[in-house]
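Just below is one structure, and these are the notes that go with it.
Counting starts at 1 for both ligands and their atoms, following the listed order.
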Amino acid sequence: MTSTNSAKSGPPGASPSVSYWQQPPDPIADLRSSSDLPQDVDLVIVGSGISGSSIAHHLLNEKPELKIVMLEARQAASGASGRNGGHTKTATYRSFLENVQEVGEEDAVKVSKLEYDCMVAVHDFIKQQGMDCDAKQCDTVDIFYDQGHLDEAKIAVAKMEKLIGPSHPCSHHTFYTPEETRKNFFCEDSLGSIKYDAGSLSAYKLTVGILKLALEKGLNLQTTTPATSITKQASEHGKSTWTVSTPRGEIRTPTLVLATNGYTAHLYPKLQDVIVPFRGVVTAQRPGSSVAHQGDLPTTYSFVYKEGYEYMITRPAIDLPSTTTPATNGTSTFTTTANLSPNTYDIVIGGGLTKTANQGSGEFHTIDDTSSSIPSSIIDYLNTTPADFFGAANWGTDHALGRIKHVWSGIMGYSADGHPLVGPMPGEEGLWIDASFQGHGMVLCWLCAKAFVEMLLGRDGTELKTWFPDCFRVTEERLGKRFSGRLVGREIGEAQTVNGFDGN
Ligand SMILES: Cc1cc2nc3c(=O)[nH]c(=O)nc-3n(C[C@H](O)[C@H](O)[C@H](O)COP(=O)(O)OP(=O)(O)OC[C@H]3O[C@@H](n4cnc5c(N)ncnc54)[C@H](O)[C@@H]3O)c2cc1C
């Protein structure tokens with residue numbers, strides 16, 4: 001099956017589903033730092049997700065004198081960063097063999113190290129700043145229900161150990177037998193599992209926290225202000241100037257940064273089919289009685305089967321406002337009512353991509369993240385999965401209010417080779433991009449933003465080369481690669497493009 005939908009990438013929609021994390025919205029959600037848009041600034045960043053926020057933060061830390069405006073089409077941090085699964089998980093063993101083949105050993109090793117280092121750096125930063133992000137560093141476990149994926153995992157881990165060695169923790173993994181998996185992770189009927197370092201957090205609170213630091217340093221944030229077009233003019237001094245049009249007026253700048261992830265091609269059509277939007281669905285659920293009696297689960301999880309996967313974290317339960325819009329779907333009986341009788345923790349589980357009638361191909365090329373557009377087949381499937389994966393005895397009886405507490409969706413940005421695009425746009429003086437973080441932004445964006453700022457400040461030298469993978473840079477060759485297939489059987493965001501995949 002190929003993803004042949006040729007719909008053009010559009011701007012962020014006006015009425016997105018409200019995510020679990022955005023309840024309540026932060027006080028800066030609707031901030032406009034000034035009532036008028038500044039007309040001439042040093043730098044414009046389009047997009048207030050973790051990428052745009054981290055760039056603003058890193059840059060203003062070094063150059064507080066810069067006049068920077070950030071444009072956000074909707075509320076602050078209301079793209080993927082405000083509506084994800086909250087997993088800080090690398091899982092690079094699942095893309096490692098492919099990366100070695102496609103970008104070579106050196107870059108494959110750099111990608112694995114960068115994701116691990118980014119995960120640690122994000123958690124360290126949260127601790128240093130004392131940010132309230134519900135952050136937790138813990139182990140994660142991938143439970144396998146497909147022998148092919150398990151066999152490949154063993155080969156990949158052996159290769160990582162050989163090429164990376166024990167000195168870097170990104171190569172550390174522990175395998176468990178089916179019996180050990182049952183005892184340690186409460187999952188029945190698996191073929192085995194693999195454990196490694198990970199964590200979880202509220203990406204919404206993290207992004208808003210980073211934005212607040214940048215605002216303190218002088219960032220001008222303009223929410224509900226979409227950039228509707230960008231145009232380049234040669235200025236009197238022979239240097240290019242970019243004009244960004246919005247419904248509230250125009251801004252001119254010599255340096256324009258697109259941190260627009262899955263929406264980027266809308267503003268810069270050369271990226272049509274180079275960065276493709278992809279909708280993901282996540283649910284927050286009440287655990288069953290027996291699983292709940294374990295207290296909080298000791299690890300985060302992914303469940304890997306032949307044609308797909310789910311990813312799951314747990315976190316302290318929250319009460320949702322009783323005004324939450326009730327969701328309805330064809331066959332399920334859940335309601336997203338208030339949590340009248342609080343469970344001790346909530347399960348946050350996403351995935352189910354392959355459970356639509358078209359096996360998920362319709363989730364690519366869509367920018368619709370409204371509540372009403374979420375496929376009911378995915379919701380129905382996610383409603384059953386945690387109990388199925390844990391097994392009836394481990395799950396126990398359902399909470400009196402049912403399993404699903406809340407459902408939301410969000411738009412990711414996927415590239416043909418599965419890597420982000422970070423740096424100056426070739427042949428376009430003054431235009432920069434930091435986008436396409438697949439389903440791995442929490443372990444990529446912070447350090448990619450750091451590398452981006454190094455490049456922007458003219459420090460693209462030998463130090464950066466020691467840790468930043470060449471395969472993340474924007475090259476004409478990469479801009480020529482069109483996304484013509486879809487990912488299958490991989491953790492969201494792991495780099496594997498299956499061109500012409502026919503569903504078998
Ligand atoms: C459902 C879902 C689950 C996920 N789960 C995980 C997970 O568990 N772990 C993980 O690591 N990653 C996960 N991800 C991926 C992760 O959230 C992203 O990779 C990351 O948030 C990307 O951040 P960003 O800042 O680059 O993009 P975004 O957060 O999408 O920010 C881009 C911003 O640009 C704005 N924008 C776009 N166009 C315009 C315009 N024309 N004018 C003004 N503003 C504009 C958007 O409104 C948006 O706010 C998930 C993503 C989704 C959608």
Side-chain angles (χ1 to χ4, degrees), residues 9-14 16-17 19-21 44-55 70-91 115 118-119 122 140 198-201 203-204 206-207 210-211 222-230 244-247 257-268 275 277-283 300 302 310-313 348-353 363 367 369 374 378 407-414 420-422 433-446 448-449 491-493:
S9 169
S17 52
S19 82
Y20 170 89
W21 312 103
V44 172
I45 300 173
V46 186
S48 69
I50 187 166
S51 295
S53 309
S54 304
I55 290 169
M70 178 181 283
L71 298 176
E72 170 52 55
R74 311 195 290 202
Q75 288 191 316
S78 59
S81 306
R83 48 187 64 255
N84 66 26
H87 225 158
T88 50
K89 171 161 179 162
T90 59
E115 288 206 19
C118 186
M119 174 179 77
V122 163
T140 191
S200 61
L201 45 68
Y204 178 62
L206 171 64
T207 305
I210 298 170
L211 272 176
Q222 297 288 336
T223 61
T224 336
T225 307
T228 48
S229 67
I230 57 174
V244 185
S245 301
T246 81
V257 175
L258 302 183
T260 38
N261 207 31
Y263 305 98
T264 310
H266 167 64
L267 277 182
Y268 191 64
I275 300 178
F278 168 43
R279 179 173 57 200
V281 177
V282 187
T283 63
T300 65
S302 291
E310 273 75 61
Y311 48 99
M312 183 187 113
I313 64 162
V348 175
I349 181 165
L353 166 68
E363 304 313 292
I367 46 124
D369 58 359
I374 300 174
I378 295 184
V407 184
W408 66 100
S409 68
I411 306 303
M412 290 170 262
Y414 270 62
L421 286 94
V422 181
I433 182 169
D434 187 33
S436 193
F437 292 98
Q438 335 287 316
H440 274 211
M442 295 305 105
V443 291
L444 283 169
C445 295
W446 177 252
C448 283
E491 191 77 37
I492 287 182

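- For His440, every heavy-atom contact with ligand 1 shorter than 4.0 Å involves the backbone, none the side chain.
- Of the N or O atoms in Ile411, none lie within a sub-3.5 Å distance of an N or O in ligand 1.
- For Tyr20, the ring-ring contact (aromatic ring centres under 6.0 Å, His included) partners are Trp408, not counting sequence neighbours.
- Ligand-side atoms of ligand 1 in range of Leu267: 41 (N), range being under 4.0 angstrom from any heavy atom.
- Shown in contact with Asn261 at under 4.0 Å from a heavy atom are these atoms of ligand 1, numbered in order with element: 22 (C), 26 (O), 27 (O), 30 (O).
- Close approach to Tyr263 involves these atoms of ligand 1, each under 4.0 Å from a residue heavy atom: 37 (C), 38 (N).
- Residue Arg74 forms a side-chain hydrogen bond (donor to acceptor under 3.5 Å, both in side chains) with just one option from Asp369, Thr224, Thr223, and that option is Asp369.
- Gln222 places none of its side-chain heavy atoms less than 4.5 Å from the side chain of Thr246.
- At least one heavy atom of Ala259 sits less than 4.0 Å from an atom of ligand 1.
- The closest side-chain heavy-atom distance from Ile230 to Val44 is not below 4.5 Å.
- Residue Gly85 has at least one N or O atom closer than 3.5 Å to an N or O atom of ligand 1.
- For atom 47 (O) of ligand 1, the nearest non-hydrogen atom from the set His87, Glu72, Met412 belongs to Glu72.
- Ligand 1 places these atoms under 4.0 Å from at least one heavy atom of Arg83: 1 (C), 2 (C).
- Taking Ser53 as the reference, Thr207, Ile210, Leu211 meet the side chain to side chain contact (heavy atoms under 4.5 Å, CB included) condition, with sequence neighbours excluded.
- For Ala80, a nitrogen or oxygen atom sits less than 3.5 Å from a nitrogen or oxygen atom of ligand 1, counting backbone and side chain alike.
- Under the 4.0 angstrom criterion for non-hydrogen atoms, Gln438 is in contact with ligand 1.
- With contacts defined as side-chain heavy-atom distances shorter than 4.5 Å, the pair Tyr311/Thr300 does not qualify.
- In this structure, CD1 in Ile275 is found 14.5 Å from CE in Met412, a value given to the nearest 0.5 Å.
- Considering both main-chain and side-chain atoms, Ser51 comes within under 3.5 Å of ligand 1 through a nitrogen or oxygen pair.
- Between Thr228 and Pro247, some side-chain heavy-atom pair lies under the 4.5 Å cut-off.
- Inclusion of Gly410 in the set of residues having an N or O under 3.5 Å from an N or O of ligand 1 is not warranted.
- Taking distance alone, with nitrogen or oxygen atoms compared against 3.5 Å, Ser48 stays at or beyond that limit from ligand 1.
- Counting atoms of ligand 1 from 1 in the listed order, those under 4.0 Å from a heavy atom of Phe437 are 19 (O), 26 (O).
- Gly439 counts as a contact of ligand 1, since one of its heavy atoms falls under 4.0 Å from the ligand.
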Query raised in the report: After noting the C-alpha distance and the side-chain angles of Thr264 and Ser436, does the key distance pass the side chain to side chain contact (heavy atoms under 4.5 Å, CB included) rule?
Result: CA-CA 9 Å; Thr264 310; Ser436 193; over 6 Å; no
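- The proximity of Val46 to ligand 1, defined as any non-hydrogen pair under 4.0 Å, is limited to the side chain.
- Side-chain contact between Tyr204 and Ser19 is absent, with no heavy atoms from C-beta onward closer than 4.5 Å.
- Atoms of ligand 1 lying under 4.0 Å from any heavy atom of Tyr311, numbered from 1 in the order shown and given with element: 3 (C), 5 (N).
- With contacts defined as side-chain heavy-atom distances shorter than 4.5 Å, the pair Tyr268/Ile433 does not qualify.
- Close approach of ligand 1 to Gly47 is summarised as follows: ligand atoms under 4.0 Å from at least one heavy atom of the residue are 33 (C), 34 (O), 35 (C).
- Within the listing of ligand 1, atoms 43 (C), 44 (N) sit less than 4.0 angstrom from a heavy atom of Leu71.
- Where the criterion is an N or O separation shorter than 3.5 Å, residue side chain and backbone included, Gly280 fails it with respect to ligand 1.
- Inter-residue side-chain proximity for His440 and Pro420 is flagged as unmet; no heavy-atom pair is nearer than 4.5 Å.
- Below 3.5 Å of separation, one finds an N or O of Ile50 facing an N or O of ligand 1.
- Checked against a 3.5 angstrom limit, the closest N/O atoms of Pro226 and ligand 1 fall outside it.
- Residue contacts with ligand 1 leave out Pro11, since none of its heavy atoms falls under 4.0 Å from the ligand.
- Side-chain contact between Val281 and Val407 is present, with at least one heavy-atom pair separated by less than 4.5 Å.
- Under 3.5 Å, the side chains of Lys89 and Ser302 contain a donor-acceptor pair of N or O atoms.
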